[in-house]
Structure formats: structure tokens, C-alpha cells
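To keep things clear, I will list the structure first and then write my remarks on it.
As a basis for the values below, the full set of heavy atoms in this structure was taken, side chains included, without hydrogen atoms, waters or symmetry mates.
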Amino acid sequence: MARLKPVRDLDVETLRAVFETVVLAPVSLTRLMLPGMLERGSGALLYGFGSSAKNPEPVLAGGGAAQGSLRNDVLALRAAVAGTGVTAAGITIGALIRGSDAEKLFDASEEARRGFDPERVDPADLAEILWGMATTGEPAEQVVGV
């Protein structure tokens, strides 16, 4: 939670730490898995984003900037591997996932809620969406709850 800073309070150190986790870790893992997938001629690389990856929110500036960067990389990767049998796609989730730590934190804090009642999504529904994306390669991006 210390990394969640509004845009006016965001500093370089916080942004660097967020990018390390949100962008560099998935990119590193992708680079480890991609060669084998390309050699086999099949595979799906699926990534998850929060809604601030597409819809900037001043209170989620660091995470949004990092997720937006990763989203851009995923869509570029998708174009780069087109026709190889490998796909890359993302799911943007603008809802609370039922049973998640985020939902528990949100529900436990009146300050977090601030009168906001977000949509909730079942993890089984997300799994079904992701399975469809992995098996069909479509769509490039699915949006849930935004």
C-alpha cells in the first residue's frame, strides 16, 4: 500500500519500485518463456492489468503508469509474434475479485470505500475468460468491470 501514491506525491523511488514489480518482472518472465513457445509454434502469454492501465486515476498514478507501460508492451509483443502460433493478450480488470485480498482490504476499510461500491467479479468467470483467450488467441484485450 505504501506504493499507492497520488500523482502529486509520486516520487522517482516509488515509481522505480513499482516498475520493477509491475513491468520488469513480467517482461523478464516473458523473455524466459517466449523462445520455447516460438520453437514449439504454440503458446499463450496472458497478462492482467488494473483499470488504471487504460483509465488514468490520479490516486493510482504509479500503478497506472506501470500497468499502462506493460499493456503497451503486451500489445506490441502480440503484433510481433503474429503468425507464429504464439499469442499475447491482456485482461483489464476494473472490478474487485471475490475472495481476493483486495476485496477483503476494501471491505474492511471505510476510508477505502469512500461511498464507492465497485462491481465484483467471480474468479471462476475470470478463469473462463482467460481460458478462452488462451485457446482461441482472441481478443487481444478483454475488459471486465471497467
For residues 23-38, dump all side-chain donor-acceptor pairs below 3.5 Å to protein atoms at least two apart in sequence or in another chain.
unit_1	atom_1	unit_2	atom_2	d
S28	OG	L24	O	2.9
T30	OG1	P26	O	2.8
T30	OG1	Y47	OH	2.5

Subject >> Test item: E103 and I97 side chains (from C-beta on) under 4.5 Å apart, heavy atoms >> reply: no
**OP:** Say whether V144 and L130 are linked into one hydrophobic cluster, either directly or through other cluster members, by side-chain heavy-atom distances under 4.5 angstrom.
**Re:** yes
Subject >> Nearest heavy-atom neighbours spanning F19 and A65 >> reply: CZ-O, 3.7 Å
Original post:
Is L46 reachable from I129 through a run of hydrophobic residues whose side-chain heavy atoms are each under 4.5 Å from the next?
Top reply: yes
Subject >> Distance-minimising heavy-atom pair for A61 and P6 >> reply: CB-C, 4.5 Å
**OP:** For the pair Q67 (side chain) and G50 (backbone), establish whether a donor and an acceptor sit closer than 3.5 Å, ignoring hydrogens and angles.
**Re:** yes
Subject >> Nearest heavy-atom neighbours spanning M133 and P139 >> reply: CE-O, 3.6 Å
**OP:** Treating Ile, Leu, Val, Met, Phe, Trp and Tyr as nodes and any side-chain heavy-atom pair under 4.5 angstrom as an edge, say whether I93 and V22 lie in one connected cluster.
**Re:** no
Subject >> T135 side-chain N/O to W131 backbone N/O, donor-acceptor pair under 3.5 Å >> reply: yes
Original post:
Does atom CZ of R16 have more than 12 heavy-atom neighbours, drawn from other residues, nucleotides or ligands, at distances under 6.0 Å?
Top reply: no
**OP:** Mark yes or no for whether R78, through its side chain, and T87, through its backbone, hold a donor-acceptor pair below 3.5 Å.
**Re:** no
Original post:
Under a 4.5 Å side-chain heavy-atom rule over Ile, Leu, Val, Met, Phe, Trp and Tyr, are I91 and L60 clustered together?
Top reply: no
Subject >> Single-linkage hydrophobic cluster L70~L10, side-chain heavy atoms < 4.5 angstrom >> reply: yes
Subject >> Non-hydrogen atoms of S51 and G94 that approach each other most closely >> reply: CB-CA, 3.7 Å
Subject >> Within 6.0 Å of CD in E39, more than 12 heavy atoms from elsewhere >> reply: no
**OP:** For residues R71 and V74, determine if any side-chain heavy atom of one lies less than 4.5 Å from a side-chain heavy atom of the other.
**Re:** no
Original post:
Rounded to the nearest 0.5 Å, how far apart are CD of E141 and CG of L75?
Top reply: 6.0 Å
Original post:
Between S52 and G64, what is the shortest heavy-atom contact and its length?
Top reply: OG-CA, 3.3 Å
Original post:
Where the side chain of T136 meets the backbone of G132, is there a donor-acceptor pair that is under 3.5 Å apart?
Top reply: yes
